[in-house]
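Let me begin by presenting the structure, written as C-alpha coordinates, before commenting on it.
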Amino acid sequence: MVHDNNGRGGARLLQFKVPGLPDVAMAVTLQEVLEVTDLSAVARVPFAPPFLTGVVEWRGRVVTVVDMADLLCKDALQRPYRAAGAYYLVAKVPVGDRLDALAWSIVSGASMLSAPSQAPQADLPHEFLPQGIYAAVTLSETPVALLNLTGIVAHLKSAAG
Amino acid sequence: MPDYPSTLHYLPIEVSGQLFAIPMLEVAAIRQLGRGDAPVVSMGQEARQPAIPIVDLQSLFFGVSLSDIEEPAYVIVISIPAFACAVLVDGVRPARLAEPADQLAMPLTLTNERYPFRGVLRTPEGLVLIIDSRLLIEELRRIKPDLIVEKAHGSR
(Lines give C-alpha, C1' and ligand atoms only; values in the text may rest on other atoms or scores of the structure.)
Protein backbone atom coordinates (compact mmCIF):
# COMPACT_ATOMS: atom_id res chain seq x y z
CA MET A 1 0.00 0.00 0.00
CA VAL A 2 1.39 3.39 -0.91
CA HIS A 3 -0.01 6.42 0.88
CA ASP A 4 0.49 10.11 0.62
CA ASN A 5 1.10 12.11 3.75
CA ASN A 6 -2.61 12.56 4.42
CA GLY A 7 -2.98 8.83 4.87
CA ARG A 8 -5.15 8.54 1.81
CA GLY A 9 -4.48 5.82 -0.67
CA GLY A 10 -2.27 6.70 -3.63
CA ALA A 11 0.88 8.80 -3.76
CA ARG A 12 2.87 10.88 -6.16
CA LEU A 13 6.26 9.32 -6.73
CA LEU A 14 9.47 10.15 -8.49
CA GLN A 15 10.68 7.05 -10.30
CA PHE A 16 14.33 6.79 -11.31
CA LYS A 17 17.25 4.45 -11.91
CA VAL A 18 20.71 4.66 -10.44
CA PRO A 19 24.13 3.88 -11.92
CA GLY A 20 25.02 0.27 -11.22
CA LEU A 21 21.44 -1.06 -11.26
CA PRO A 22 20.20 -0.47 -14.80
CA ASP A 23 17.50 -3.11 -14.50
CA VAL A 24 15.83 -1.78 -11.38
CA ALA A 25 13.47 1.14 -11.07
CA MET A 26 13.27 2.86 -7.72
CA ALA A 27 11.01 5.53 -6.34
CA VAL A 28 10.62 7.99 -3.52
CA THR A 29 7.60 10.11 -2.72
CA LEU A 30 7.55 13.58 -4.19
CA GLN A 31 7.40 15.01 -0.67
CA GLU A 32 10.83 13.53 -0.05
CA VAL A 33 12.38 15.12 -3.11
CA LEU A 34 14.16 18.42 -2.51
CA GLU A 35 15.77 18.79 -5.90
CA VAL A 36 17.15 17.00 -8.92
CA THR A 37 20.23 18.90 -9.93
CA ASP A 38 23.88 18.95 -10.82
CA LEU A 39 26.23 19.09 -7.89
CA SER A 40 29.81 20.25 -7.56
CA ALA A 41 32.77 18.02 -6.84
CA VAL A 42 32.28 15.54 -4.02
CA ALA A 43 34.80 15.61 -1.16
CA ARG A 44 35.68 12.17 0.19
CA VAL A 45 35.11 11.47 3.86
CA PRO A 46 37.74 9.28 5.52
CA PHE A 47 36.53 6.28 7.51
CA ALA A 48 33.30 6.23 5.52
CA PRO A 49 31.85 2.92 4.28
CA PRO A 50 32.45 2.20 0.58
CA PHE A 51 28.93 3.21 -0.44
CA LEU A 52 29.38 6.68 1.03
CA THR A 53 30.78 8.73 -1.82
CA GLY A 54 31.44 11.85 0.21
CA VAL A 55 29.98 15.26 0.86
CA VAL A 56 29.00 18.10 -1.38
CA GLU A 57 27.67 21.59 -0.95
CA TRP A 58 24.03 22.07 -1.86
CA ARG A 59 22.26 25.40 -1.34
CA GLY A 60 24.71 26.53 1.30
CA ARG A 61 24.76 23.36 3.34
CA VAL A 62 26.80 20.19 3.33
CA VAL A 63 24.99 17.10 2.11
CA THR A 64 26.05 13.47 2.25
CA VAL A 65 26.32 11.72 -1.10
CA VAL A 66 25.84 7.97 -1.31
CA ASP A 67 26.15 5.42 -4.05
CA MET A 68 22.65 4.04 -3.84
CA ALA A 69 23.42 0.91 -5.85
CA ASP A 70 26.31 -0.07 -3.59
CA LEU A 71 24.31 0.83 -0.49
CA LEU A 72 21.27 -1.25 -1.40
CA CYS A 73 22.58 -4.16 -3.42
CA LYS A 74 25.63 -6.38 -3.13
CA ASP A 75 25.55 -7.43 -6.77
CA ALA A 76 25.28 -4.00 -8.28
CA LEU A 77 27.30 -3.50 -11.45
CA GLN A 78 30.89 -2.65 -10.64
CA ARG A 79 32.76 0.23 -12.15
CA PRO A 80 33.81 0.71 -14.92
CA TYR A 81 30.72 -0.97 -16.30
CA ARG A 82 28.32 1.58 -14.90
CA ALA A 83 26.61 4.30 -16.83
CA ALA A 84 27.44 7.75 -15.60
CA GLY A 85 24.82 9.50 -13.54
CA ALA A 86 23.15 12.43 -15.20
CA TYR A 87 22.00 14.25 -12.09
CA TYR A 88 21.81 14.03 -8.36
CA LEU A 89 18.58 13.53 -6.50
CA VAL A 90 18.63 15.44 -3.24
CA ALA A 91 16.08 14.09 -0.78
CA LYS A 92 15.07 15.07 2.72
CA VAL A 93 15.67 12.39 5.28
CA PRO A 94 14.82 12.16 8.97
CA VAL A 95 17.77 11.85 11.32
CA GLY A 96 16.33 11.35 14.77
CA ASP A 97 13.82 14.11 15.26
CA ARG A 98 15.52 16.41 12.76
CA LEU A 99 15.65 16.61 9.00
CA ASP A 100 18.74 16.36 6.87
CA ALA A 101 19.38 15.89 3.18
CA LEU A 102 20.89 12.98 1.31
CA ALA A 103 21.99 12.91 -2.33
CA TRP A 104 22.66 10.19 -4.83
CA SER A 105 23.34 9.98 -8.51
CA ILE A 106 20.53 9.01 -10.88
CA VAL A 107 20.60 8.31 -14.59
CA SER A 108 18.54 10.34 -17.01
CA GLY A 109 14.93 9.36 -17.51
CA ALA A 110 13.40 10.00 -14.08
CA SER A 111 9.67 10.47 -14.19
CA MET A 112 6.79 11.34 -11.93
CA LEU A 113 3.94 8.95 -11.55
CA SER A 114 0.94 8.37 -9.38
CA ALA A 115 0.81 5.14 -7.50
CA PRO A 116 -2.57 3.57 -6.79
CA SER A 117 -3.50 2.89 -3.20
CA GLN A 118 -3.18 -0.80 -3.87
CA ALA A 119 -0.37 -1.84 -6.18
CA PRO A 120 0.46 -5.46 -6.89
CA GLN A 121 3.61 -6.78 -5.33
CA ALA A 122 6.59 -7.26 -7.62
CA ASP A 123 9.70 -9.39 -7.63
CA LEU A 124 12.99 -7.55 -7.96
CA PRO A 125 15.90 -9.01 -9.95
CA HIS A 126 18.34 -8.56 -7.06
CA GLU A 127 18.48 -8.96 -3.33
CA PHE A 128 18.22 -5.61 -1.61
CA LEU A 129 19.12 -4.34 1.81
CA PRO A 130 15.85 -5.15 3.62
CA GLN A 131 15.73 -1.94 5.62
CA GLY A 132 16.35 0.11 2.49
CA ILE A 133 13.12 -0.84 0.75
CA TYR A 134 9.52 -0.43 1.89
CA ALA A 135 8.17 -2.70 -0.76
CA ALA A 136 8.51 -3.72 -4.37
CA VAL A 137 5.39 -3.04 -6.39
CA THR A 138 4.36 -3.10 -10.00
CA LEU A 139 3.60 0.33 -11.41
CA SER A 140 2.77 0.74 -15.09
CA GLU A 141 3.86 -2.87 -15.61
CA THR A 142 7.31 -2.10 -14.16
CA PRO A 143 8.64 -3.51 -10.88
CA VAL A 144 9.60 -0.56 -8.69
CA ALA A 145 11.43 -0.60 -5.38
CA LEU A 146 10.02 1.98 -2.99
CA LEU A 147 12.95 3.34 -1.03
CA ASN A 148 12.81 3.58 2.74
CA LEU A 149 14.98 6.63 3.38
CA THR A 150 14.65 6.27 7.15
CA GLY A 151 16.03 2.76 6.92
CA ILE A 152 18.77 3.89 4.58
CA VAL A 153 19.89 6.58 7.02
CA ALA A 154 19.86 4.07 9.86
CA HIS A 155 22.08 1.78 7.80
CA LEU A 156 24.36 4.69 6.99
CA LYS A 157 24.71 5.62 10.64
CA SER A 158 25.29 2.05 11.79
CA ALA A 159 27.88 1.43 9.07
CA ALA A 160 30.06 4.14 10.64
CA GLY A 161 30.65 1.75 13.51
CA MET B 1 28.21 24.33 13.55
CA PRO B 2 31.88 24.30 14.45
CA ASP B 3 32.37 25.84 17.87
CA TYR B 4 34.49 28.66 16.55
CA PRO B 5 32.71 31.95 17.15
CA SER B 6 34.35 33.80 14.32
CA THR B 7 37.19 33.55 11.87
CA LEU B 8 39.03 30.23 11.85
CA HIS B 9 42.77 30.27 11.42
CA TYR B 10 43.68 26.92 9.92
CA LEU B 11 46.47 24.99 8.28
CA PRO B 12 45.52 23.36 4.96
CA ILE B 13 47.15 19.94 4.55
CA GLU B 14 47.15 17.67 1.53
CA VAL B 15 46.37 13.99 1.96
CA SER B 16 46.00 11.76 -1.06
CA GLY B 17 45.11 14.66 -3.33
CA GLN B 18 42.52 16.14 -0.98
CA LEU B 19 42.76 19.13 1.32
CA PHE B 20 41.93 18.98 5.02
CA ALA B 21 42.12 21.69 7.66
CA ILE B 22 43.76 21.64 11.07
CA PRO B 23 42.94 24.57 13.37
CA MET B 24 46.17 26.48 13.90
CA LEU B 25 45.58 26.53 17.64
CA GLU B 26 46.17 22.78 17.57
CA VAL B 27 49.28 22.80 15.39
CA ALA B 28 52.31 22.50 17.66
CA ALA B 29 54.93 21.97 15.00
CA ILE B 30 55.49 21.39 11.29
CA ARG B 31 58.52 19.43 10.20
CA GLN B 32 59.71 18.36 6.81
CA LEU B 33 60.61 14.71 6.66
CA GLY B 34 63.16 13.20 4.35
CA ARG B 35 63.91 9.71 3.17
CA GLY B 36 65.67 7.77 5.87
CA ASP B 37 64.38 9.90 8.72
CA ALA B 38 63.18 8.00 11.74
CA PRO B 39 59.42 7.64 11.96
CA VAL B 40 59.23 9.69 15.14
CA VAL B 41 59.28 13.37 15.91
CA SER B 42 59.73 15.26 19.12
CA MET B 43 57.32 17.76 20.55
CA GLY B 44 59.83 20.57 20.64
CA GLN B 45 63.44 21.59 20.46
CA GLU B 46 64.19 21.01 24.14
CA ALA B 47 65.87 17.84 25.25
CA ARG B 48 63.79 15.16 26.95
CA GLN B 49 60.77 15.96 24.87
CA PRO B 50 58.84 12.75 24.25
CA ALA B 51 59.18 11.18 20.84
CA ILE B 52 55.89 10.87 19.01
CA PRO B 53 55.38 8.12 16.45
CA ILE B 54 54.48 9.46 13.04
CA VAL B 55 51.18 8.25 11.65
CA ASP B 56 50.74 8.17 7.90
CA LEU B 57 47.50 10.09 7.45
CA GLN B 58 46.99 8.83 3.91
CA SER B 59 47.01 5.27 5.19
CA LEU B 60 44.79 6.14 8.14
CA PHE B 61 42.26 8.07 6.10
CA PHE B 62 42.11 6.15 2.88
CA GLY B 63 43.82 2.84 3.54
CA VAL B 64 46.55 3.55 1.04
CA SER B 65 49.96 2.75 2.42
CA LEU B 66 53.06 4.55 1.36
CA SER B 67 55.78 2.05 0.57
CA ASP B 68 58.29 4.80 0.85
CA ILE B 69 58.23 8.40 1.96
CA GLU B 70 57.99 10.60 -1.07
CA GLU B 71 59.62 13.94 -0.77
CA PRO B 72 58.55 16.42 0.18
CA ALA B 73 56.58 15.01 3.08
CA TYR B 74 55.58 16.89 6.14
CA VAL B 75 54.88 15.95 9.71
CA ILE B 76 52.34 17.94 11.65
CA VAL B 77 52.46 17.68 15.42
CA ILE B 78 48.89 18.10 16.61
CA SER B 79 48.49 19.08 20.22
CA ILE B 80 45.40 19.34 22.39
CA PRO B 81 45.24 19.65 26.17
CA ALA B 82 46.94 16.56 27.61
CA PHE B 83 47.70 14.72 24.36
CA ALA B 84 49.62 15.02 21.12
CA CYS B 85 50.09 13.06 17.95
CA ALA B 86 52.12 13.42 14.78
CA VAL B 87 50.74 12.87 11.29
CA LEU B 88 52.52 12.54 7.97
CA VAL B 89 50.91 14.43 5.12
CA ASP B 90 51.72 14.90 1.46
CA GLY B 91 51.76 18.65 1.53
CA VAL B 92 51.19 21.74 3.58
CA ARG B 93 49.88 25.06 2.34
CA PRO B 94 50.15 28.48 3.90
CA ALA B 95 47.82 29.00 6.83
CA ARG B 96 44.55 30.70 6.00
CA LEU B 97 41.60 32.38 7.57
CA ALA B 98 38.06 31.12 7.09
CA GLU B 99 35.21 33.51 7.71
CA PRO B 100 32.17 32.29 9.66
CA ALA B 101 30.08 32.26 6.49
CA ASP B 102 32.47 29.72 4.97
CA GLN B 103 32.32 27.38 7.97
CA LEU B 104 29.63 24.76 7.44
CA ALA B 105 28.27 22.06 9.70
CA MET B 106 28.83 18.38 9.05
CA PRO B 107 25.61 16.76 7.83
CA LEU B 108 23.56 15.04 10.51
CA THR B 109 23.98 11.75 8.68
CA LEU B 110 27.72 11.97 9.38
CA THR B 111 27.58 13.26 12.93
CA ASN B 112 29.32 10.34 14.53
CA GLU B 113 32.46 10.19 16.56
CA ARG B 114 33.90 7.70 14.10
CA TYR B 115 34.30 10.63 11.71
CA PRO B 116 36.94 12.86 13.27
CA PHE B 117 35.76 16.05 11.60
CA ARG B 118 34.17 19.03 13.28
CA GLY B 119 32.89 20.84 10.26
CA VAL B 120 33.51 21.73 6.66
CA LEU B 121 35.04 24.77 5.04
CA ARG B 122 33.95 26.28 1.77
CA THR B 123 37.14 27.20 -0.08
CA PRO B 124 38.15 28.05 -3.64
CA GLU B 125 39.43 24.47 -3.95
CA GLY B 126 36.07 23.02 -2.86
CA LEU B 127 34.93 21.60 0.44
CA VAL B 128 37.62 21.02 3.04
CA LEU B 129 36.92 18.91 6.14
CA ILE B 130 38.12 20.38 9.43
CA ILE B 131 39.90 17.77 11.48
CA ASP B 132 38.62 17.35 15.01
CA SER B 133 41.91 16.79 16.76
CA ARG B 134 40.35 15.34 19.89
CA LEU B 135 38.47 12.70 17.90
CA LEU B 136 41.52 12.00 15.74
CA ILE B 137 43.62 11.40 18.82
CA GLU B 138 40.91 9.16 20.27
CA GLU B 139 40.85 7.20 17.04
CA LEU B 140 44.63 6.77 17.15
CA ARG B 141 44.41 5.68 20.77
CA ARG B 142 41.76 3.16 19.78
CA ILE B 143 44.03 1.77 17.06
CA LYS B 144 47.12 1.66 19.23
CA PRO B 145 47.65 3.66 22.42
CA ASP B 146 51.36 4.14 21.64
CA LEU B 147 50.48 6.33 18.69
CA ILE B 148 49.70 9.26 20.95
CA VAL B 149 51.72 10.93 23.64
CA GLU B 150 50.43 12.15 26.93
CA LYS B 151 51.94 15.56 27.49
CA ALA B 152 53.67 16.65 30.63
CA HIS B 153 51.59 18.93 32.84
CA GLY B 154 51.96 22.52 31.73
CA SER B 155 53.34 21.78 28.28
CA ARG B 156 51.55 23.08 25.19
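Letters A, B, ... mirror the listed sequences (proteins, then strands); counts begin at 1.
Distance check, rounded to the nearest 0.5 Å: CD of A:Glu57 to CG of B:Leu121 gives 11.0 Å. Here CG of A:Leu102 is found 9.0 Å from CG of B:Leu110. Values are rounded to the nearest 0.5 Å. For the atom pair OG1 (A:Thr64) and CE (B:Met106), the distance works out to 7.5 Å, reported to the nearest 0.5 Å. For the atom pair CG (A:Leu156) and CG (B:Asn112), the distance works out to 10.0 Å, reported to the nearest 0.5 Å.
For A:Val62, the parts lying near chain B are the backbone and the side chain together; criterion is any non-hydrogen pair under 4.5 Å. With a 4.5 angstrom heavy-atom cutoff, B:Leu60 touches chain A via backbone and side-chain atoms both. Contacts between B:Leu127 and chain A at a heavy-atom distance below 4.5 Å involve backbone atoms as well as side-chain atoms. Heavy-atom distances place the backbone of B:Val15, and not its side chain, under 4.5 Å from chain A. Interface remark: A:Leu99 contributes backbone atoms only to the contact with chain B (heavy atom separation under 4.5 Å). For chain A, no part of B:Glu113 is nearby; none of its heavy atoms comes within less than 4.5 Å. At a 4.5 Å heavy-atom cutoff, the contact between A:Val56 and chain B is made by backbone atoms alone.
No path of Ile, Leu, Val, Met, Phe, Trp and Tyr side chains, each step under 4.5 Å between heavy atoms, connects A:Val36 with A:Tyr88, placing them in separate hydrophobic clusters. Note on A:Leu139: it clusters hydrophobically with A:Tyr134, by side-chain heavy-atom contacts below 4.5 Å among ILVMFWY residues. Hydrophobic clustering (ILVMFWY, side-chain heavy atoms < 4.5 Å, transitive): A:Trp58 and A:Val45 are in distinct clusters. A:Val28 and A:Leu34 fall into different hydrophobic clusters, where Ile, Leu, Val, Met, Phe, Trp and Tyr residues are linked whenever their side-chain heavy atoms come under 4.5 Å apart, directly or through other members. No single ILVMFWY cluster, assembled from side-chain heavy atoms under 4.5 Å apart, contains both B:Leu135 and B:Ile76.
Every residue two or more places apart in sequence or in another chain was checked for a ring pair (Phe, Tyr, Trp, His ring centres under 6.0 Å) with B:Tyr10, and none qualifies. Every ring pair (Phe, Tyr, Trp, His ring centres under 6.0 Å) that A:Phe47 has, sequence neighbours left out, goes to B:Phe61. Considering only residues two or more places apart in sequence or on other chains, B:His9 meets the side chain to side chain donor-acceptor pair (under 3.5 Å) condition with none of them.
In terms of heavy atoms, B:Tyr115 sits closest to A:Pro49 at OH-CD, 3.4 Å. Closest of all the heavy-atom pairs between B:Leu104 and A:Gly60 is CD2-O, 3.6 Å.
The choice from A:Ser40, A:Ala43, A:Ala101, A:Gly54 that makes the most heavy-atom pairs within less than 4.5 Å of chain B is A:Ala43.
Enclosure of atom CG in A:Asp23 by more than 12 non-hydrogen atoms of other residues, nucleotides or ligands within 6.0 angstrom is indicated. Heavy-atom contacts from other residues, nucleotides or ligands closer than 6.0 Å to CZ of B:Arg142 number more than 12. Within 6.0 Å of OH on A:Tyr87 lie no more than 12 heavy atoms contributed by other residues, nucleotides or ligands.
With contacts defined as side-chain heavy-atom distances shorter than 4.5 Å, the pair B:Pro107/A:Asp100 qualifies.
For residues 90-97 of chain A, a heavy-atom distance under 4.5 Å to chain B picks out A:Val93, A:Val95, given by residue number.
Without hydrogens or angle criteria, B:Gln18 side chain to A:Arg44 main chain gives a donor-acceptor distance under 3.5 Å.
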